[in-house]
Every structure is written in C-alpha cells, then in structure tokens.
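In what follows, chains carry the letters A, B, and so on, assigned in the order in which the sequence lines appear, proteins first and then strands, with residues in each chain numbered from 1.
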There are 2 protein chains.
Amino acid sequence: MPQDVLSNRPLYLQVRDALAERIAKGTWRPGAAIPNESDLAREFGVSPGTTRKALDLIESERLVTRRQGRGTFVNDQASEGLAIRFSNIRGADGERIVGQVEAGEATEGKANALERERLRLQAADHVYRIRRVQSHDGRPFMVEDVSMPATIFPRLVEMNGVNHRIAILAQRHGVLLGKAQERISIGQASPEAAEVLGIAPATAILSLDRVTQTLDGYPVEWRIGQCHLVGQHYLAEMT
Amino acid sequence: MPQDVLSNRPLYLQVRDALAERIAKGTWRPGAAIPNESDLAREFGVSPGTTRKALDLIESERLVTRRQGRGTFVNDQASEGLAIRFSNIRGADGERIVGQVEAGEATEGKANALERERLRLQAADHVYRIRRVQSHDGRPFMVEDVSMPATIFPRLVEMNGVNHRIAILAQRHGVLLGKAQERISIGQASPEAAEVLGIAPATAILSLDRVTQTLDGYPVEWRIGQCHLVGQHYLAEMT
DNA sequence: AAGTGGTCTAGACCACTCA
DNA sequence: GAGTGGTCTAGACCACTTG
C-alpha cells in the first residue's frame with residue numbers, strides 16, 4: 001500500500017522511494033532478484049502500470065537491471081562499470097584507465113572553508129580526509145586529496161583496510177549515488193604531489209576538482225586530483 | 001497509421017521516428033505547438049499510451065517541451081540553453097562563459113587522417129573547415145579549428161555571414177543533434193593560437209578535442225579548441 | 001510449460017493554463 | 001469552462017529465458 005495516500009506526491013514516485021529505500025538499506029541485496037511487477041503492484045496496492053513506471057525510474061537511476069524473461073535484479077554498486085563510472089581518464093585507445101589505488105590513513109577534522117563550500121557543510125561539521133595515489137602500469141599518475149562528511153560515513157577512521165572508493169563506501173553505508181560534477185583546470189603540481197608523481201615541482205598538471213552527490217543531491221565526496229597525463233586524456237561525455 | 005506495421009520495431013519507436021522527422025524537416029517549426037496526444041493517437045492509429053511514450057522520448061531528446069495545461073512545443077535548437085549546451089567553460093561563479101564568436105572563412109578540402117578518424121569518413125570524403133575565435137569581455141580565450149562533413153552541410157562555403165554554431169547549422173540543415181564527447185588534455189599553444197590569445201608560444205593550454213553527433217550517432221562536427229583559462233574552468237557533469 | 005519483463009490498449013480522473 | 005498534459009487503472013498479448 002502507498003505509504004501516504006494523502007500526500008500530493010504521485011504514487012509512482014512513492015513506490016520508487018519505497019523500492020529505493022529497500023535497495024539502499026540492503027533489504028534487497030546486490031545481485032538478488034526483486035519480486036516481479038504484479039507481485040509488487042499487489043503489495044503496494046497500485047496498478048501494474050504504476051509499478052512499472054517506478055521500476056523504469058530506478059532502472060534509469062542504475063539501482064536495478066531488468067532483463068526480459070529473467071527478472072529485475074539489484075545492481076552491485078561495487079562492481080566494475082558502476083564503481084568507476086566517475087573516473088574519466090582514458091588511454092590513447094579510449095580504454096578507461098582505472099589505476100591501482102594506494103590510500104593513506106584517514107584523518108578527521110573540522111571542515112575548512114573550501115570543504116564547507118563544496119560539501120555544503122556548517123562551520124562545526126567534521127570531515128574525513130584521505131590521500132590516495134593512483135597508478136597505472138606501475139606509474140603513479142594522479143594524487144587525490146579526498147574529503148567526506150563525517151556524519152555520512154561514521155567511524156571511517158577506525159576502519160582498517162577498507163576500500164575507500166566512494167561507490168563502495170556509499171553502498172556499505174546505505175547511500176545511493178547520483179550525479180557528480182568535475183571542475184577541470186590547469187594547475188601546478190604541489191611539491192608533495194610532484195614528488196609522488198616523479199615530476200618537477202610546478203609542472204603543469206590537470207586539476208580535477210570533483211564533487212559526488214547522492215541520488216537526492218547531497219554532496220558526499222569532494223576530491224582534488226592532481227593528474228599527470230602522458231598520452232592519456234580526460235573524456236567528458238555530454239548528452 | 002504506423003508506417004510499417006510489419007516491422008519488428010515497436011510502435012512507440014515508429015511514432016517517435018515520425019515525430020522526429022517532422023521536427024527535423026521543419027514540418028513543425030521551432031516554437032510551434034504540435035497536435036495534442038489524442039489527435040496524434042488517432043492520426044497514427046495507436047493508443048494514447050503509445051503516443052505518450054513516443055512524446056516522452058522526444059522530450060528526453062530535447063526535441064519538444066511539454067507543459068501541463070498548455071501543450072507540446074517544438075524546441076528552438078538555436079535558442080540559448082540548447083545551442084550552447086556543449087560549451088562547458090565556466091567562470092569563477094559557475095556561470096557559463098559563452099564567448100563572442102569570430103569566424104574566419106570556411107574552406108573545403110579532402111578529409112585528412114585525423115578528420116577521417118573523428119568524423120568516420122572515407123578517404124575521398126570532403127570536409128568544411130573554419131577557424132573560430134571566442135572572446136569573453138573582449139579577451140580572446142579560445143581558438144577553435146572546426147571540421148564538418150561536406151555532405152551534411154552542402155554549400156557551406158558559399159554562404160556568407162551565417163552563424164557557424166553547430167546547433168544552428170544542424171537545425172537549418174534538418175539534422176538533430178544528440179551527444180558529444182570531448183577529449184581534454186594539456187597542450188602547448190600553437191604559434192598562431194598563441195598570437196591570437198596573447199600568450200607566449202608553447203604556453204600550456206587546455207586542448208579540447210570534441211566530436212558532436214547526431215541523434216542517431218553520426219559525427220557531424222569535430223573541433224579542437226586551444227583554450228587559455230584565467231580563473232575559469234571546464235565543468236564536466238557526470239550522471 | 002511457466003514465468004518474466006516489454007508492448008499496447010482504452011479508457012478514467014486530476015492539475016494546470018488560459019480565454 | 002474548455003483544452004492540455006500528468007497520473008492511474010486493469011487488463012491483453014508478445015518476446016524472451018529457463019527448467
């Protein structure tokens with residue numbers, strides 16, 4: 001049954017929300033099949049057409065995959081192809097460059113001005129910070145400084161050896177990812193980054209300033225990448 | 001009536017194609033209202049639901065805008081907001097930088113290797129080439145070298161004073177635009193570009209190598225931009 | 001053969017816009 | 001009040017996958 005028939009929110013959106021919540025909370029696990037359309041329609045007390053509209057929506061939001069004759073399956077956000085969809089570095093042949101990631105220790109602290117702006121936080125809010133280095137074929141090509149709101153990822157500093165890729169963290173914490181925006185400009189490598197990347201300080205690098213948001217539009221990750229491309233490029237797709 | 005009832009192509013896609021063709025060909029002009037759902041359903045001999053699905057599609061393809069209580073209107077691809085949607089340079093405040101464009105003479109010639117690769121042309125195919133300079137607040141910030149397949153834009157060299165913005169050319173020639181991909185890297189300004197941009201030769205610039213496609217996926221414009229950003233950035237949006 | 005999602009129908013009622 | 005698109009219903013049949 002719809003959670004709130006009195007609400008102005010259309011039924012198909014209410015159903016979408018209910019389905020999305022089950023996926024976020026892990027009630028339906030990644031890879032599992034969810035009930036078929038008519039069962040869902042019965043459960044929510046709406047018509048099959050309304051259910052279908054909700055399913056179309058969560059499919060377009062990459063929460064499920066539907067296959068004719070088989071069923072509807074919860075996507076694993078940790079899978080290749082979903083987890084790396086915000087990594088836009090490509091090789092000369094156009095193939096995605098997904099570096100090996102080496103992450104430092106996570107630290108916690110008060111959000112600074114830039115973090116507050118990018119993550120839409122208040123002065124008292126805390127963030128977790130991690131430095132990551134991405135390598136391809138043994139060559140480090142990007143140094144990333146990552147900040148995440150502490151409230152969304154509780155006890156992150158205490159976890160050891162967890163993968164800090166945002167898609168994986170988000171899935172583990174019941175957060176659904178939506179869009180991301182990346183500001184691209186030419187910058188100079190910081191002394192520490194230059195050292196890691198094996199280039200002269202103040203070499204021109206690509207500055208990749210990216211904010212990743214939840215499906216409802218809340219920022220959950222801000223990272224500045226200092227990227228030294230040799231034969232690779234950044235690929236932006238526009239629709 | 002559906003053009004081909006025997007076709008395997010779903011009815012709503014056949015209706016979509018018919019609507020898209022009328023918009024491309026200019027049968028329905030930019031800004032004009034198109035018939036309402038039930039009239040279209042009658043005309044094509046399908047149910048209102050099928051018509052609606054086709055209308056939803058062309059709306060998502062930016063061909064029309066639907067407004068409850070008013071009607072469905074053909075989008076003007078030459079309008080601000082549609083014509084500049086592939087220009088991703090932003091100012092410090094995040095506002096789009098849409099430069100004044102100064103275009104040189106269009107020339108015609110055989111497609112070179114890179115043009116054939118980017119525009120998927122054969123050895124004998126011809127292209128039109130134009131150099132454009134974009135300025136903002138009187139300062140030139142990007143030099144663009146543009147190539148377009150000659151077959152798609154016949155007699156382009158003979159036209160004087162036409163706007164060479166791809167969205168406008170496309171609308172004039174009955175072509176519907178779809179996606180674009182942009183390869184971004186750090187390059188060195190060519191001597192001529194450096195002169196125009198007022199910077200030292202071999203200064204690091206952002207190289208913006210962009211291919212724009214039609215709705216059916218055919219490349220229609222390739223351009224390399226040499227972009228000198230001062231306080232601005234390139235904004236990539238990922239979904 | 002049974003079960004799934006994909007397509008399609010033929011309506012109803014509602015929210016919104018505008019004359 | 002008339003006309004529009006937005007939502008919703010309650011089915012039918014088809015294409016595809018799997019046991």
- request: Rounded off to whole Å, could you give me the CG-to-P distance for the Asn36(A) and dT18(D) pair?
  value: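 Atom-to-atom, Asn36(A) to dT18(D), this comes out as 16 Å.
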query: How does protein reach along nucleotides 6-19 of chain C, written 5' to 3' as B (base within reach of a heavy atom under 4.0 Å), S (only sugar-phosphate), or - (no contact)?
result: BBSB-----BBBS-
Side chains of residues 168-179 of chain A: which donor-acceptor partners sit under 3.5 Å, not counting sequence neighbours?
{"residue": "Gln171(A)", "atom": "OE1", "partner": "Gln77(A)", "partner atom": "N", "Å": "2.8"}
{"residue": "Gln171(A)", "atom": "NE2", "partner": "Asp76(A)", "partner atom": "OD1", "Å": "2.9"}
{"residue": "His173(A)", "atom": "ND1", "partner": "Leu169(A)", "partner atom": "O", "Å": "2.9"}

message: Below the 4.0 Å mark, does dG5(C) have OP1 or OP2 next to a side-chain nitrogen or oxygen of Thr72(A)?
response: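 Yes.
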message: Does anything in residues 83-98 of chain A form a side-chain hydrogen bond (donor to acceptor under 3.5 Å, both in side chains)? List the pairs, not counting sequence neighbours.
response: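 As it turns out, the side-chain hydrogen bond (donor to acceptor under 3.5 Å, both in side chains) pairs with a partner in residues 83-98 of chain A, which skip direct neighbours, are Asn88(A)-Tyr234(A).
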- request: Would you please name every residue forming a side chain to side chain contact (heavy atoms under 4.5 Å, CB included) with Gln122(B), sequence neighbours left out?
  value: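 Listed in chain order: Asp125(B).
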field: Residue pairs, two or more places apart or on separate chains, that pass salt bridge (charged side-chain N to carboxylate O under 4.0 Å, His left out) and touch residues 62-72 of chain A
entry: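 The answer is Glu37(A)-Arg66(A), Asp56(A)-Arg66(A).
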message: Please enumerate all residues that pass ring pair (Phe, Tyr, Trp, His ring centres under 6.0 Å) together with His136(A), with sequence neighbours excluded.
response: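 If we apply the ring pair (Phe, Tyr, Trp, His ring centres under 6.0 Å) test to His136(A), skipping adjacent residues, there are no hits.
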